[in-house]
2 protein chains.
Amino acid sequence: MNEFDRVQALTYDENDDLKDFRQRFYLPDSNLVYLDGNSLGLMPAKTPLHLQHVLEYEWGQRQIRSWNEGWYNRPSEIASKIAHLIGAQEDEVVVADGTSVNLFKLAWAALRYRAEKKTIVSDELNFPSDIYIFQGLQDAFGGQHNLRLAKSADGITVSMEELERCMGSDCALLSLSHVLFKSAFMYDMKAVTRLAHQKGAMVLWDLSHATGAVSVDLNACQADLAVGCTYKYLNGGPGAPAFLYVRKDLQEKLFSPVQGWFGQHKPFDFSLQYDAAPGIKRFMAGTPPVLSLSALDTSLDILGEAGMDRIREKSLRQTRYLIELFEKYLKNLGFELGSPDQDRFRGSHVAMRHPEAYRICQALIDPAVGTKTVIPDFRDPDVIRIGIAPLYNTFEEILDSVVQMELIVANQLYEKFPVQRNAVT
Amino acid sequence: MNEFDRVQALTYDENDDLKDFRQRFYLPDSNLVYLDGNSLGLMPAKTPLHLQHVLEYEWGQRQIRSWNEGWYNRPSEIASKIAHLIGAQEDEVVVADGTSVNLFKLAWAALRYRAEKKTIVSDELNFPSDIYIFQGLQDAFGGQHNLRLAKSADGITVSMEELERCMGSDCALLSLSHVLFKSAFMYDMKAVTRLAHQKGAMVLWDLSHATGAVSVDLNACQADLAVGCTYKYLNGGPGAPAFLYVRKDLQEKLFSPVQGWFGQHKPFDFSLQYDAAPGIKRFMAGTPPVLSLSALDTSLDILGEAGMDRIREKSLRQTRYLIELFEKYLKNLGFELGSPDQDRFRGSHVAMRHPEAYRICQALIDPAVGTKTVIPDFRDPDVIRIGIAPLYNTFEEILDSVVQMELIVANQLYEKFPVQRNAVT
C-alpha cells in the first residue's frame with residue numbers, strides 16, 4: 001500500500017457526484033468503515049426525527065384517527081416509491097409482511113395458476129430460506145411438485161445453459177435471486193425471463209440483494225412476479241417490511257393463500273365471504289406495520305433523489321476499484337475472488353474467500369486491531385462479503401478495508417481470535 | 001344526569017388502586033375521552049424515548065452488531081412477557097408476523113395434523129378476516145374441507161349447544177375469538193376447549209380482543225393453539241407484530257407451511273435442506289420487525305406490573321358501571337345493549353346499538369359538539385363500541401361518554417353529520 005493509493009481514493013471521492021449523500025446518513029464514528037449495507041443499511045439521519053413525529057403526533061395525539069389521516073394509504077405511498085426503483089408501475093407493488101411470507105404467497109399463487117405443471121426450478125446458490133419456502137410449498141401441495149436446483153460450476157455463477165437444462169416443459173415456476181447473496185453474481189433478468197417464458201414457466205425474482213443497489217427494470221423484462229426486502233440497500237431498519245410485485249395483467253388471475261383483512265375488497269363491509277380486492281392489494285394480508293413503514297419513507301426519498309442509474313454507475317466504479325486493490329494487495333495472501341469480475345454480472349458486493357475468513361472478520365471488526373473498525377460480514381464457510389452502498393460508502397473506505405485486511409493477514413493478527421462462531425454475524 | 005353521578009365517578013376513581021397507571025400513557029388533551037383501546041391502544045409515555053434509543057444507539061451506532069447484542073433474542077424476550085399475560089409457558093409463545101399470517105400458519109398446521117378430518121368450525125360473529133383465512137385454507141387444501149359457522153340466536157352470544165351441534169366427529173379444528181369483536185361476548189374457554197377435545201378436534205383461539213383485557217389461562221384450559229394481536233390492549237402501536245401460542249407437547253408434531261429463515265434449526269449453517277427448529281421457534285418465518293418489537297417492550301412491562309387479575313377486576317367494574325349508566329340514561333333514547341350483561345361472558349368493551357350509530361359516532365368525535373371529544377368506534381351497521389382499557393380509562397371518562405351520547409341523541413345533534421361512511425373508523 002502506498003501514498004499513491006490514498007491520493008487516488010481521495011481524488012475519486014472528490015470527483016464523486018453522489019458524495020453529498022453520505023451526510024444524509026447517521027455516521028457515528030469516523031474510525032468506522034461500514035461495509036455491510038447489504039445486510040443492514042445505515043440509518044438515514046432524518047429517520048429518528050421522522051419516527052418521533054409518527055410516534056408523538058400520529059400515534060400519541062391522533063391515535064386511531066391517524067388511520068383516516070394517513071396510515072391507511074401509507075403502504076401504497078411507500079410501495080409507489082419502491083416501484084420507481086425497480087421499473088414497475090405504482091399499482092404493481094405493495095409493501096407487506098416479510099420477504100419469506102411474500103415469497104410463499106406469490107410462489108403459491110403461481111403454482112396454483114400453473115396447476116398442470118409440477119416443477120419448481122431455482123439454483124443451489126440461492127439464499128437458503130428461499131429454498132426452504134419452496135420445500136414448504138412442495139409439502140403444502142401434497143408432495144406433487146419437484147424442486148430442481150440448477151448447479152453452479154464455479155461456486156460463483158450459474159449458466160444459462162444449466163438453467164435451460166433444468167427447465168423442462170413441466171416447469172411451473174422459475175424463482176431466482178436477481179443478485180446472489182454470497183457471490184453477488186447477477187442474472188441477466190431479461191434473458192432469463194425470456195427463457196422461462198419460452199418454456200412456459202412463470203418467473204419470480206427475489207430482489208433482496210438487488211433493490212437499491214443495481215438497476216432493475218421489471219416491466220422492461222416482462223417479469224411476472226418479484227419480492228424483496230427493504231432493510232438492506234433501502235435502509236428501512238432492522239426487520240423492516242418487505243415488498244412484492246405482480247405484473248398488472250396477472251393481478252386478477254392470481255390469489256393469495258393468506259386471505260387477510262387488507263386483501264379484502266371492502267373490508268369495512270364486514271362481509272363473511274372473502275372477496276379479493278381488485279389489483280395488487282389482494283396480496284396484502286393483515287394490518288401493515290406503520291412504524292416500520294414510516295421509517296422507510298425517509299430513506300426512499302434519498303434513493304429517489306439520487307436515482308438508480310447514478311447509484312449503479314458509482315457502485316460499479318467502487319466494486320471495480322475494490323477488485324483492483326484486491327488483485328494488487330490481497331490475492332497473494334491466500335485470498336481468492338468469490339465474485340464475477342465482469343461488471344454486468346456483478347451486484348454491489350464483493351466476496352473474498354480465505355480459509356481464515358471467519359477469524360479475519362473478527363479481527364476486522366475489533367477496534368483494537370489497526371486504525372479502523374471495518375464491518376463486513378462473514379458467510380459460511382470461507383467468505384468475507386464486502387457490501388458497498390454507493391450512497392454512503394467512499395472510495396477511501398474501500399481502500400481502508402483493504403489496508404486492514406492486508407495488515408491482518410500479512411501479520412496473522414487473526415490468530416488471537418477464536419474459531420468458534422457466534423449465532424449471527 | 002346529575003351531580004351525584006359525577007361525585008360517584010370521582011369517588012370510584014379516587015379509590016381505584018390502578019389509578020396511577022394512567023400517567024404511564026401519553027395523554028395529549030384533557031378534553032379527549034379515548035374509548036378505542038380495543039382498536040389501537042394509547043401510546044405508553046416512555047415509548048418514544050425507548051424507540052429513540054433503539055434507533056440512535058442500536059441501529060445508528062451499532063448497526064448490524066446489534067443482532068448479536070440483543071436483537072436476535074428480542075422476539076423471545078417479548079414473547080415471554082406475553083406468555084405471562086395469557087397463562088402460557090415462556091417457550092410456548094413467539095412474536096412474529098401479523099395475526100392473519102399466524103392464524104393461517106397454525107390453522108394450516110392443525111388441518112395438516114388432523115388430515116383425516118375435513119371440517120373447520122367457527123362462528124358467524126367471528127371477526128370476518130378470521131373467516132377469510134379459513135376460506136383461503138379451504139382453497140389451499142384443494143376444496144376438501146367444510147367450513148361450518150355456528151349461529152347466534154341474539155346477535156350477541158353463541159351457545160354451547162349450537163357449538164356442539166356444529167361439531168360432528170369430522171371436525172378437525174374449532175377456531176373462535178375468545179372475545180367477540182363486536183358484542184364482546186366471551187366464550188368459556190375451558191368448557192369450549194373441553195367440548196372440542198371430546199369431539200376429537202383441536203382448538204385455535206384468537207385472543208386479539210382478549211389479551212391484556214381479560215384473564216386468559218391457556219395452560220389451565222389445555223388450549224392447543226392461539227394467536228393474538230398486540231396493538232389493542234397491549235399498546236404496541238399501529239400494526240405491531242402479532243403473537244402465536246402452541247402448547248408444548250404439540251410443538252414437535254406441527255409444522256408451519258411458511259418455512260422461513262427464523263424457523264430453521266440452524267440458520268447460519270446455510271444448509272439447503274429445511275430442518276424445522278425444535279420447539280416454538282419453528283413457527284417464526286422471516287426476520288422479526290425490531291422497531292415494532294421494541295415498542296412493545298415498554299407497554300408489556302406496564303401490564304406485567306399491574307397484573308392481569310387487577311386489570312380484569314377493574315375492567316368488570318368499569319363495564320358494569322357503563323351498563324348501569326346506559327340503563328339509566330341511554331336505553332330510553334333508542335339504544336339497545338349489544339353486549340352480554342353477565343360479567344363472566346363479557347370482555348372489556350361494551351356495544352350499544354342505535355339506528356343512527358354512524359352519525360352519533362361522528363358527533364362524538366367532533367370536538368365542536370359538547371365539551372368532550374369522545375372516541376369510540378363504529379361497527380357496521382349500527383354498533384357503537386365503547387372500549388375500556390382499565391390501565392388508562394377512568395370512571396369519569398365513562399360518565400363523560402354517556403353524558404355526550406345523551407346530549408347528542410336527546411338533541412339530535414347527529415343530524416348535521418353525513419350518512420356517507422369513511423374507509424376506516
Side-chain angles (χ1 to χ4, degrees), chain A residues 26 28 34 36 39-40 42-43 47-48 51-52 55-56 59-61 63-64 67-68 71-72 97-101 104 124 128-129 131-133 135-136 140 237-241 257-261 264 268-272 274 285-292 295 375 377 380 422-424, chain B residues 26 28 34 36 39-40 42-43 47-48 51-52 55-56 59-61 63-64 67-68 71-72 97-101 104 124 128-129 131-133 135-136 140 237-241 257-261 264 268-272 274 285-292 295 375 377 380 422-424:
Chain A
Y26 188 90
Y34 191 71
D36 207 8
S39 264
L40 177 69
L42 287 184
M43 181 173 73
T47 298
L51 267 191
Q52 212 61 11
L55 289 167
E56 296 194 351
W59 181 14
Q61 291 193 37
Q63 312 97 17
I64 194 74
W67 277 108
N68 277 330
W71 291 346
Y72 196 63
D97 303 310
T99 312
S100 291
V101 171
F104 177 85
E124 64 175 1
S129 77
I131 306 296
Y132 304 158
I133 291 294
Q135 290 168 348
V258 185
Q259 299 184 164
W261 183 237
Q264 165 76 344
F268 286 91
D269 282 359
F270 290 89
S271 152
L272 283 179
Y274 182 74
T287 307
V290 173
L291 300 186
S292 299
I375 304 192
D377 61 14
D380 206 56
N422 282 329
V424 188
Chain B
Y26 187 90
Y34 191 70
D36 207 7
S39 263
L40 177 70
L42 286 185
M43 181 173 72
T47 298
L51 266 192
Q52 212 61 11
L55 289 166
E56 296 195 349
W59 181 15
Q61 291 194 36
Q63 311 97 16
I64 194 74
W67 277 109
N68 276 330
W71 291 347
Y72 196 63
D97 303 310
T99 312
S100 291
V101 171
F104 176 85
E124 64 175 1
S129 77
I131 306 296
Y132 303 157
I133 291 293
Q135 290 167 347
V258 186
Q259 300 185 163
W261 184 236
Q264 164 77 343
F268 286 91
D269 283 358
F270 290 90
S271 153
L272 283 179
Y274 181 73
T287 306
V290 172
L291 300 186
S292 300
I375 303 191
D377 61 15
D380 206 55
N422 282 329
V424 188

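Atom set for the values below is all heavy atoms of this structure, side chains included, hydrogens, waters and symmetry mates excluded. Here the structure is a predicted model, which means the values were calculated and not measured.
For the residue pair A/Tyr34 / B/Gln63, no side-chain donor-acceptor distance below 3.5 Å is found, with atom types taken as modelled. In summary, the side chains of A/Tyr26 and B/Glu56 do not present any donor paired with an acceptor at a separation below 3.5 Å, with no hydrogens or angles considered.
Between B/Val258 and A/Ser100 the shortest heavy-atom distance is CG1-O, 4.2 Å. Scanning both residues, A/Met43 and B/Gly60, for their nearest heavy atoms gives CE-CA, 3.9 Å.
B/Leu55 contributes atom CG, which lies 5.5 Å from atom CG of A/Leu51 (distance to the nearest 0.5 angstrom). Summarising the geometry, atom CH2 belonging to B/Trp59 is positioned 5.0 Å from atom OG1 belonging to A/Thr47; distances are rounded to the nearest 0.5 Å.
Both the backbone and the side chain of B/Trp261 come within contact range of chain A, each with at least one heavy atom under 4.5 Å from a heavy atom of that chain. For B/Pro288, the part sitting under 4.5 Å from any heavy atom of chain A is the backbone (N, CA, C, O) and nothing else. Heavy atoms of B/Phe104 lying under 4.5 Å from chain A belong exclusively to its side chain.
Interface summary for chain A: among B/Pro238, B/Pro289, B/Pro48, the most heavy-atom pairs under 4.5 angstrom belong to B/Pro238. Your options are B/Gly260, B/Pro241, B/Pro128, B/Ser292, and the one with the most heavy-atom pairs under 4.5 Å with chain A is B/Pro128. Comparing B/Gly239, B/Pro257, B/Ala295 by how many heavy-atom pairs each has under 4.5 Å with chain A, the most go to B/Gly239. Top candidate by heavy-atom pairs under 4.5 Å with chain A, chosen from B/Ile131, B/Val101, B/Leu291, is B/Val101.
Contact annotation: the side chain of A/Leu272 never approaches that of B/Tyr132 to less than 4.5 Å [non-hydrogen atoms, C-beta and beyond]. Looking only at side-chain heavy atoms (C-beta outward), B/Ile64 and A/Asp377 stay at 4.5 Å or farther from each other. No side-chain heavy atom of B/Gln264 sits less than 4.5 Å from a side-chain heavy atom of A/Ser129.
Although no hydrogens or angles enter the test, the distance criterion places no donor-acceptor pair under 3.5 Å between the side chain of B/Gln61 and the main chain of A/Pro28. Side chain of A/Gln135 to main chain of B/Tyr274: a donor-acceptor pair is present (N/O by atom type, distance under 3.5 Å, no hydrogens or angles).
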